[in-house]
A.B. asks: 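Structure in structure tokens, see below.
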Amino acid sequence: VMVIPRPNCIKLNANTVVNMVDSVASCGEVLRDHASGFVLAFARKIGISPMMFARLRTIQFGVQLSCDKGFSVVEVESDSQEAIKLILRV
């Protein structure tokens with residue numbers, strides 16, 4: 001269940017998949033506005049990568065894209081709480 005972001009904020013939903021056979025990672029992300037309206041979605045191949053690195057790259061891609069599109073306040077929702085915790089420790 002998606003939590004609606006605050007006004008004047010964009011919500012980034014980030015998901016990562018790593019194929020356990022060949023370690024190739026891909027990501028998919030959706031950006032929604034404060035009214036939960038669709039803004040943008042994309043999918044991207046990350047390449048051969050360990051799971052945590054792929055999850056961090058997924059978030060990085062989404063935040064960078066949000067900034068490139070002019071959004072200055074981004075709320076991140078990820079399939080990995082571990083990745084979020086690592087980012088918040090920096």
Side-chain angles (χ1 to χ4, degrees):
V1 175
M2 184 182 124
V3 177
I4 296 173
R6 300 172 306 208
N8 301 316
C9 184
I10 199 78
K11 177 71 151 221
L12 166 67
N13 291 93
N15 293 291
T16 309
V17 174
V18 176
N19 183 316
M20 295 312 212
V21 175
D22 59 10
S23 298
V24 174
S26 298
C27 65
E29 303 187 65
V30 177
L31 297 176
R32 294 190 178 274
D33 64 18
H34 67 278
S36 195
F38 175 82
V39 175
L40 178 75
F42 76 94
R44 179 178 186 159
K45 182 178 177 182
I46 297 171
I48 296 173
S49 175
M51 179 60 90
M52 185 53 66
F53 179 80
R55 287 177 169 162
L56 292 169
R57 289 289 288 168
T58 297
I59 295 168
Q60 179 190 25
F61 292 149
V63 170
Q64 184 63 54
L65 180 64
S66 299
C67 292
D68 291 348
K69 295 294 182 182
F71 300 106
S72 58
V73 181
V74 181
E75 287 183 11
V76 177
E77 190 171 280
S78 170
D79 59 351
S80 174
Q81 291 303 311
E82 293 174 24
I84 298 292
K85 287 177 185 175
L86 281 172
I87 292 166
L88 294 175
R89 287 193 335 199
V90 173

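Residues: numbered from 1 along the sequence shown.
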A.B. asks: What pair of heavy atoms forms the shortest contact from Ile48 to Asp22, and how long is it?
C.D. replies: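 Looking at all heavy atoms of both residues, the closest pair is CG1-O, 4.0 Å.
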
A.B. asks: List the atom of Ile59, the atom of Ala14, and the distance in Å for their closest heavy-atom pair.
C.D. replies: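 It is CG1-CB, 4.4 Å.
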
A.B. asks: Let me see the working for Leu86 and Arg89 under side chain to side chain contact (heavy atoms under 4.5 Å, CB included), right down to the final yes or no.
C.D. replies: CA-CA 5 Å; Leu86 281 172; Arg89 287 193 335 199; 3.6 Å; yes

A.B. asks: Transitively linked via ILVMFWY side-chain contacts under 4.5 Å: Met51 with Leu56?
C.D. replies: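 Unlinked, Met51 and Leu56 end up in two clusters.
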
A.B. asks: Once rounded to the nearest 0.5 Å, what's the spacing between atom OG of Ser80 and atom CG of Asn15?
C.D. replies: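 Atom-to-atom, Ser80:OG and Asn15:CG are 10.5 Å apart.
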
A.B. asks: Restricting to side chain to side chain donor-acceptor pair (under 3.5 Å), what partner residues turn up for Asn8, sequence neighbours left out?
C.D. replies: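 Counting only residues at least two positions away or on another chain, Asn8 forms no side chain to side chain donor-acceptor pair (under 3.5 Å).
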
A.B. asks: Can you get from Val30 to Ile84 by hopping between Ile, Leu, Val, Met, Phe, Trp and Tyr side chains that sit under 4.5 Å apart?
C.D. replies: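 The answer is no; the residues belong to distinct hydrophobic clusters.
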
A.B. asks: Please report the interatomic distance CD(Gln81) to CZ(Arg55), rounded to the nearest 0.5 Å.
C.D. replies: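 One finds 10.0 Å between CD of Gln81 and CZ of Arg55.
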
A.B. asks: Is Val39 close to Phe71 at the side-chain level, that is, under 4.5 Å between some pair of heavy atoms?
C.D. replies: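 Yes, close enough: below the 4.5 Å cut-off.
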
A.B. asks: What heavy-atom pair brings Glu29 and Thr58 nearest, and what distance separates the two atoms?
C.D. replies: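 Of all heavy-atom pairs spanning Glu29 and Thr58, the closest is OE2-O, 2.8 Å.
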
A.B. asks: If you compare all heavy atoms of Val74 against all heavy atoms of Ser66, which two are closest, and at what distance to 0.1 Å?
C.D. replies: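 Nearest pair, atom of Val74 first, then Ser66: CG2-CB, 3.6 Å.
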
A.B. asks: Please say yes or no: joined through hydrophobic side-chain contacts below 4.5 Å, possibly via intermediate residues, are Leu65 and Val73 part of one cluster?
C.D. replies: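 Looking at the clustering, Val73 is in a separate group from Leu65.
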
A.B. asks: Taking all non-hydrogen atoms of both residues, which atom of Cys27 and which atom of Phe61 are closest, and how far apart?
C.D. replies: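 Answer, listing the atom of Cys27 first, then Phe61: SG-CD1, 4.0 Å.
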
A.B. asks: Is Ile46 reachable from Val63 through a run of hydrophobic residues whose side-chain heavy atoms are each under 4.5 Å from the next?
C.D. replies: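 The answer is yes; both residues are in one hydrophobic cluster.
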
A.B. asks: Nearest 0.5 Å please: distance from the NZ atom of Lys69 over to the CD1 atom of Ile10.
C.D. replies: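 Rounded to the nearest 0.5 Å, the NZ-CD1 separation comes to 11.5 Å.
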
A.B. asks: Honestly curious: do Leu88 and Val76 fall in one hydrophobic cluster under the side-chain, below-4.5 Å linking rule?
C.D. replies: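 Same hydrophobic cluster.
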
A.B. asks: Taking all heavy atoms of Asn13 and all of Glu77, pick out the closest pair and write down the distance.
C.D. replies: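 Residues Asn13 and Glu77, closest heavy atoms: ND2-OE2, 2.6 Å.
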
A.B. asks: Looking at CG of Leu12 and CD of Gln64, how far apart are the two atoms once the value is rounded to the nearest 0.5 Å?
C.D. replies: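 That separation rounds to 12.0 Å.
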
